[in-house]
Chemist: 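Below are the structure tokens for one structure; questions will follow.
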Amino acid sequence: MSKKFYITTPIYYPSGKFHIGTAYTTILADTVKRYKKLRGYDSYMLTGLDEHGQKIETVAKDNGKTPQEYVNEMADSTIKLWKKMNIENDDFIRTTEKRHEDVVQLIFDKLMKQGDIYLGEYEGWYCLPCETYLTETQVIDGKCPDCGRQVKKMKEEAYFFNMKKYQKRLEDFYRKNPDFIQPESRKNELFNNFVKNGIDDLCVSRTNFEWGIKVKSDPKHVIYVWLDALTNYITALGYMTENDSKFKRYWPADLQIIGKDIIRFHGIYWPIFLMALDLPIPKKIYAHGFISIKDGKMSKSKGNIIYPEQLFERYGVDATKYYLLREFPYDQDIIFTPENFVNRYNGDLANDLGNLLNRTIGMINKYFDGEINTEKLIQTEFDNEFKNVILKKVNEVENYYENIHFSNALESIWEIISFSNKYIDKVQPWVLFKSENENDKKKLISAMCHLVESLRIIGILLQPVLQETSNKIFKQLNIEEIDWDTAKEFKVNKKIIKVVENCEPLFIRLETNQEMEYLKKLING
Ligand code: MSP
């Protein structure tokens with residue numbers, strides 16, 4: 001059986017329509033899932049919704065709905081959204097599903113019985129939007145360290161998780177697994193801010209609202225939404241049920257993708273819960289940066305939100321994915337600007353890639369009526385250089401994909417594209433075509449073969465990100481050899497090359513001023 005790769009996204013709060021930040025996390029995970037699949041892994045992707053908690057209860061009420069009605073509608077629209085965006089998740093977990101709720105109760109019970117969870121009294125600060133209890137040291141000027149909003153004083157009987165007991169084990173785990181949290185800078189920040197000075201016990205139950213999973217033996221307590229939510233990664237696989245074959249196959253997760261704002265939960269509490277359950281810890285947590293609009297964090301009240309539909313319905317799913325993955329560096333935040341979006345679309349997609357395909361198909365039609373017998377080709381010094389550079393780049397791209405450096409991977413693919421466009425200018429096929437010399441005809445055949453081969457390789461390398469585009473490339477050039485490993489060989493002796501008569505453009509060039517206006521309106525609300 002092939003090797004497995006289990007990848008997860010956070011489960012999102014369905015407290016409103018998803019913006020491009022949330023879509024980014026999902027696109028990232030989908031890209032990894034597809035890349036691993038292309039590399040022969042049995043790769044399994046989980047996403048879903050975090051449907052409990054006070055915030056959801058309040059939003060449902062504001063919408064005149066029961067929480068269940070509200071989350072049902074949100075789940076429907078989320079599943080549709082991911083479908084429209086070509087997201088290939090294997091499962092979609094909702095924390096209100098019985099398969100999840102039952103197991104969360106079992107887990108809570110088990111942790112209580114073994115003494116990791118105890119009953120105490122909570123008095124302290126609470127951040128309502130984050131649904132997080134905070135200690136005196138965590139609160140900064142009366143504000144939440146995660147979201148920066150005002151916190152409230154609270155007092156209630158509550159269950160606690162004995163985090164202190166696991167402090168040393170967690171530190172040992174970090175030491176032995178230096179790559180557990182990526183990027184390095186965020187790991188150091190997490191350690192210095194939340195671990196080094198001692199981890200406080202965590203309050204894991206609430207009595208101030210109803211919408212959640214009840215503690216079975218003490219139902220006036222609702223299980224803390226983060227304990228409920230984090231366990232989705234194992235309940236979705238059937239942990240603690242009779243039907244646990246997926247759990248046995250896929251756990252531990254190979255990669256858990258999250259945003260940097262929820263690293264404390266995934267980097268500290270999650271491994272500790274797993275230690276308490278005596279389960280293996282995920283191999284890697286990758287915390288990406290944030291996308292914001294010119295005047296800061298996207299928010300409804302500021303009116304500066306961009307929703308993924310507003311981009312992909314106008315520019316296509318591939319252009320939307322390309323923009324996000326190309327712009328986001330591995331360990332930094334980005335700011336969305338209309339200029340960048342239009343430049344990436346027109347410059348990279350329509351001009352560089354689109355023109356390369358268009359020119360190649362155009363020349364093969366013009367010089368060879370769309371079909372070439374490649375048996376009699378003569379390779380030139382340009383051809384050898386071309387082949388060597390491309391094969392080197394393929395290696396580079398693979399390394400970047402392996403390490404989730406997608407922006408770099410796309411950059412290297414675009415170097416192949418730009419190198420291919422320059423190759424045309426160097427070889428000057430139009431001169432070879434006009435020449436009377438028989439050898440020049442053979443050189444022209446070789447040049448066309450090299451271009452088709454380069455596009456085949458580009459199409460393969462783009463598959464994890466731009467599915468529609470790669471398929472259009474393959475179809476128009478009649479390419480059947482699309483397995484990942486075949487991109488590592490440069491084959492110019494294919495015998496017959498046959499291309500479509502009229503190239504269907506991959507991306508239609510945008511009218512810059514008009515699109516800038518459209519995008520500016522979006523970000524100005
Ligand atoms: N429900 C929790 C996660 C529980 S996982 C066990 C949650 N949900 S969320 O909907 O608020 O956020 C989901 C993800 O979207 C997080 O990874 C968060 O970092 C990400 N993003 C939210 N806003 C974002 C941007 N502006 N930019 C990039 N990612 C952003 O937290």
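Count residues from 1 along the sequence. Each ligand, and each atom within it, is numbered from 1 in the order the structure gives.
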Chemist: Give me the residue, atom name and distance of the protein heavy atom closest to atom 9 (S) of ligand 1.
Modeler: Tyr13 CD1, 3.7 Å
Chemist: With a distance cut-off below 6.0 Å to the six-membered ring centre and an angular limit of 45° from the axis, does Lys36 pair with Tyr41 as a cation-pi contact?
Modeler: yes
Chemist: Any nitrogen or oxygen of Asp50, main chain or side chain, under 3.5 Å from a nitrogen or oxygen of ligand 1?
Modeler: yes
Chemist: So which heavy atom in the protein is nearest atom 17 (O) of ligand 1, and how far is it from that ligand atom?
Modeler: Gly259 N, 2.8 Å
Chemist: Sort out for me which residue in Tyr118, Tyr224, Phe108 forms a ring pair (Phe, Tyr, Trp, His ring centres under 6.0 Å) with Tyr159.
Modeler: Phe108
Chemist: Could a heavy atom of Gly289 be found less than 4.0 Å from some atom of ligand 1?
Modeler: yes
Chemist: Tell me if the centroids of the rings in Tyr401 and Phe406 come within less than 6.0 Å of each other.
Modeler: yes
Chemist: Evaluating non-hydrogen atoms only, which member of Tyr233, Tyr24, Phe18 is closest to atom 5 (S) of ligand 1?
Modeler: Tyr233
Chemist: I need the nearest protein heavy-atom contact for atom 23 (N) of ligand 1: residue, atom name and distance, please.
Modeler: His19 CE1, 3.3 Å
Chemist: Considering only non-hydrogen protein atoms, determine which one is nearest to atom 27 (N) of ligand 1 and report residue, atom name and distance to 0.1 Å.
Modeler: Ile291 N, 3.0 Å
Chemist: State whether the shortest distance between N or O atoms of Thr22 and N or O atoms of ligand 1 falls below 3.5 angstrom.
Modeler: no
Chemist: Do the rings of Trp226 and Phe265 sit parallel, tilted or perpendicular, given the 30° and 60° boundaries?
Modeler: parallel
Chemist: Near His266, which atoms of ligand 1 are under 4.0 Å from a heavy atom of that residue?
Modeler: 5 (S), 6 (C)
Chemist: Kindly give the heavy-atom pair with the smallest separation between Ser43 and Asp90, and that separation in Å.
Modeler: O-OD2, 3.7 Å
Chemist: Could you point out which residue of Tyr44, Tyr233, Tyr239, Tyr6 forms a ring pair (Phe, Tyr, Trp, His ring centres under 6.0 Å) with Phe247?
Modeler: Tyr239
Chemist: Return a yes/no value for Ile11: is any of its N or O atoms, backbone included, closer than 3.5 angstrom to an N or O of ligand 1?
Modeler: yes
Chemist: Judged on heavy-atom distance to atom 14 (C) of ligand 1, which of Trp226, Phe265, Tyr12 sits nearest?
Modeler: Tyr12
Chemist: So which heavy atom in the protein is nearest atom 18 (C) of ligand 1, and how far is it from that ligand atom?
Modeler: Asp261 OD1, 3.4 Å
Chemist: Judging by distance only, is a nitrogen or oxygen of Ala229 under 3.5 angstrom from one on ligand 1?
Modeler: no
Chemist: What atoms in ligand 1 come closer than 4.0 Å to a heavy atom of His288?
Modeler: 28 (C), 29 (N)
Chemist: Any idea which atoms of ligand 1 are less than 4.0 Å away from a heavy-atom of Met298?
Modeler: 26 (N)
Chemist: Note the single closest protein heavy atom to atom 20 (C) of ligand 1, along with its residue, its atom name and the distance in Å.
Modeler: Thr25 OG1, 3.8 Å
Chemist: For a salt bridge (charged side-chain N to carboxylate O under 4.0 Å, His left out) with Glu309, tell me which candidate from Lys84, Arg314, Lys17 qualifies.
Modeler: Lys17
Chemist: Nearest to atom 16 (C) of ligand 1, what protein heavy atom do you find, and at what distance?
Modeler: Ile262 CD1, 3.8 Å
Chemist: Give me the residue, atom name and distance of the protein heavy atom closest to atom 25 (C) of ligand 1.
Modeler: Phe290 CD2, 3.5 Å
Chemist: How about Tyr286 and Tyr330: are their ring centroids closer than 6.0 Å?
Modeler: yes
Chemist: Determine the sole option in Lys4, Lys33, Lys284 for which the salt bridge (charged side-chain N to carboxylate O under 4.0 Å, His left out) test with Asp254 is passed.
Modeler: Lys4
Chemist: Taking the six-membered ring for Trp, are Tyr315 and Tyr323 ring centroids under 6.0 Å apart?
Modeler: no
Chemist: Pick one: which of Phe312, Trp414, Tyr345 meets ring pair (Phe, Tyr, Trp, His ring centres under 6.0 Å) with Tyr322?
Modeler: Trp414
